[in-house]
Novice: 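First the structure, which I've put down as structure tokens, then a few questions once you've had a look.
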Amino acid sequence: MAIGLDVGGTKVAAGVVDSSGTVLRRLRRSTPGTDPRAVEQTIVDLVQELAVGYSIAAVGVGAAGWMDVDGGTVLFSPHLAWRNEPLQANLEALLGRPVALTNDADAAAWAEWRFGAGQGESRLVCVTLGTGIGGAQVVDGRIERGRFGVAGEFGHQVIMPGGHRCECGNRGCWEQYASGNALGREARELAGANSPVAQELLRAVNGRVADITGILVTDLARVGDPACRELVEDVGSWLGLGLANLAAALDPGRFVIGGGLCEAGDLLIEPTRKAFARNLTGRGFRPLAEISVAALGPEAGLIGAADLARRAAA
């Protein structure tokens with residue numbers, strides 16, 4: 001057995017995972033602010049509680065942030081106060097167990113390649129749609145992290161020069177058009193204009209435009225609201241355009257799309273596939289990469305982290 005943890009800005013999810021990728025026991029805690037020592041202690045507490053009754057070979061931590069090439073130090077985390085933090089060494093000293101540290105998107109991609117929608121694919125690209133857009137690649141059975149260990153920041157390709165301002169400091173990043181946050185922003189703009197087509201949205205939030213979120217828009221789209229369906233389709237079109245750009249650069253055999261926005265199902269994926277085919281360079285003269293929905297849901301990160309730790313300790 002191995003223990004996997006998915007450490008984000010708001011929660012730490014953890015589980016005992018067997019060699020087939022099955023989560024046998026799971027726990028979840030709120031992330032204790034941004035204090036690095038408090039976050040480490042939360043990880044230690046979860047591992048100690050989960051380990052009772054199991055023979056644990058290793059601990060894997062998937063963390064939101066950039067890792068150094070050796071995978072022991074978090075260079076920077078946008079949601080936690082990790083700056084050049086030697087997290088692997090710190091946790092090994094506290095736990096007395098082997099710890100493998102990886103980026104959370106890399107961990108999720110590994111899980112999908114090993115146990116989920118990416119099985120059997122030699123060149124897999126995973127794209128996660130949430131607050132922003134995360135990404136990772138698995139190439140010939142290994143995670144492709146790039147020369148400096150920070151590959152996969154797909155959400156920050158500039159897709160609309162001079163467009164919406166992004167938290168990264170640039171304008172027009174892909175995640176400003178094809179993420180859950182983008183969906184919520186577009187819906188709020190529509191409702192804020194008091195458009196006749198947005199009346200169902202406004203009723204759902206009792207007229208409080210600020211309460212409209214991407215999750216709400218997705219839920220209303222699934223039950224048939226025409227305006228929300230149109231908004232989801234728009235996001236799908238932007239998603240397909242960005243995937244076509246990635247295909248031109250990386251030429252994967254399959255894209256696996258994960259994250260909360262995938263709850264929209266075919267309402268999102270079908271316009272994504274159409275836009276991908278329409279914008280693909282060399283279209284009509286090259287194979288189309290498959291576009292699949294992730295299979296493992298929100299536990300992919302901890303499953304992948306646990307499996308990577310098991311393999312590192314073998």
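Throughout, numbering of the chain's residues begins at 1 and tracks the sequence.
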Novice: Taking CZ in Arg147 as the centre, count heavy atoms belonging to other residues, nucleotides or ligands within less than 6.0 Å. Is the count above 12?
Specialist: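 No, because the 6.0 Å sphere around CZ of Arg147 holds 12 heavy atoms or fewer from other groups.
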Novice: Do Trp82 and Phe76 have side chains that get closer than 4.5 Å, going by heavy atoms?
Specialist: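 A side-chain contact under 4.5 Å is absent here.
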Novice: Salt bridge or not for Glu85 and Arg83, using N-O below 4.0 Å?
Specialist: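 A salt bridge is absent here (no side-chain N lies under 4.0 Å from a carboxylate O).
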Novice: Would a 4.5 Å heavy-atom cut-off, applied to side chains only, mark Leu101 and Val74 as touching?
Specialist: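 Yes, their side chains come closer than 4.5 Å.
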Novice: Would you kindly say whether Trp110 and Asp307 are connected by a side-chain donor-acceptor distance under 3.5 Å?
Specialist: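 Judged by distance alone, the side chains do pair up.
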Novice: State the NZ-CG distance between Lys274 and Asn279, to the nearest 0.5 angstrom.
Specialist: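 It is 14.0 Å, given to the nearest 0.5 Å.
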Novice: Would you call Cys166 and Arg171 a side-chain contact if the rule is heavy atoms closer than 4.5 Å?
Specialist: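 No - every pair of side-chain heavy atoms lies 4.5 Å or more apart.
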Novice: Mind listing the side-chain donor-acceptor pairs of residues 10-24 below 3.5 Å, one per line with the distance, residues two or more places apart or on another chain?
Specialist:
unit_1	atom_1	unit_2	atom_2	d
Lys11	NZ	Asp6	OD2	3.4
Asp18	OD1	Ser20	N	3.0
Asp18	OD1	Ser20	OG	2.8
Asp18	OD1	Gly21	N	3.2
Asp18	OD1	Thr22	N	3.0
Asp18	OD2	Ser20	OG	3.4
Ser20	OG	Thr22	OG1	3.2

Novice: Identify all side-chain donor-acceptor contacts of residues 241-253 below 3.5 Å with residues at least two apart in sequence or on another chain.
Specialist:
unit_1	atom_1	unit_2	atom_2	d
Asn245	ND2	Gln157	OE1	3.2
Asp251	OD1	Arg286	NH2	3.2

Novice: Should Arg188 and Glu186 be marked as a salt bridge (charged side-chain N to carboxylate O under 4.0 Å, His left out) after you check the CA-CA gap, both sets of side-chain angles, and the distance that decides it?
Specialist: CA-CA 5 Å; Arg188 288 189 294 274; Glu186 291 299 303; over 6 Å; no
Novice: Transitively linked via ILVMFWY side-chain contacts under 4.5 Å: Leu124 with Val293?
Specialist: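 Not linked; separate clusters.
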Novice: With a 4.5 Å cut-off on side-chain heavy atoms, are Gln88 and Thr73 touching?
Specialist: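 No, side chains not in contact.
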Novice: In the structure I gave you, are the side-chain heavy atoms of Leu201 and Cys228 within less than 4.5 Å of one another anywhere?
Specialist: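 Yes, close enough: below the 4.5 Å cut-off.
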Novice: Less than 4.0 Å between a side-chain N and a carboxylate O, is that true for Arg29 and Glu49?
Specialist: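 Yes, Glu49 and Arg29 are salt-bridged.
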Novice: Is any side-chain heavy atom of Thr218 closer than 4.5 Å to one of Arg222?
Specialist: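 The answer is yes; the side chains approach within 4.5 Å.
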Novice: When you check the gap from the basic side-chain N to the acidic O, do Arg97 and Glu92 get nearer than 4.0 Å?
Specialist: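 The answer is no: the pair does not qualify as a salt bridge.
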Novice: Got Leu308 and Ile143 here, is their nearest side-chain heavy-atom distance under 4.5 Å?
Specialist: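 Yes - at least one pair of side-chain heavy atoms lies under 4.5 Å apart.
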Novice: Quick check for you: to the nearest 0.5 Å, what is the distance between Cys173 atom SG and Phe154 atom CZ?
Specialist: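 So the SG of Cys173 and the CZ of Phe154 are separated by 14.0 Å.
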Novice: Rounded to the nearest 0.5 Å, what separation is found between the CG atom of Leu239 and the OG atom of Ser179?
Specialist: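 Answer rounded to 0.5 Å: 10.5 Å.
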Novice: Mind checking whether Tyr177 and Met160 have side chains closer than 4.5 Å, heavy atoms only?
Specialist: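 The answer is yes, as the side chains (C-beta and beyond) meet within the 4.5 Å cut-off.
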Novice: Show the numbers, then the answer: is there a side-chain contact (heavy atoms from CB on, under 4.5 Å) between Glu175 and Glu167?
Specialist: CA-CA 10 Å; Glu175 69 176 40; Glu167 287 85 350; 4.1 Å; yes
Novice: With side-chain contact (heavy atoms from CB on, under 4.5 Å) as the test, would you mind laying out the steps for Phe276 and Phe255 before giving the verdict?
Specialist: CA-CA 11 Å; Phe276 174 71; Phe255 290 99; 3.8 Å; yes
Novice: Among Val235, Leu183, Leu190, whose side chain to side chain contact (heavy atoms under 4.5 Å, CB included) with Val217 holds?
Specialist: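 Testing Val217 for a side chain to side chain contact (heavy atoms under 4.5 Å, CB included) against Val235, Leu183, Leu190 leaves exactly one candidate, Leu183.
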Novice: Would you compute the distance between atom CG of Asp35 and atom OG1 of Thr42 and round it to the nearest 0.5 angstrom?
Specialist: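 If we round to the nearest 0.5 Å, Asp35:CG and Thr42:OG1 are 9.5 Å apart.
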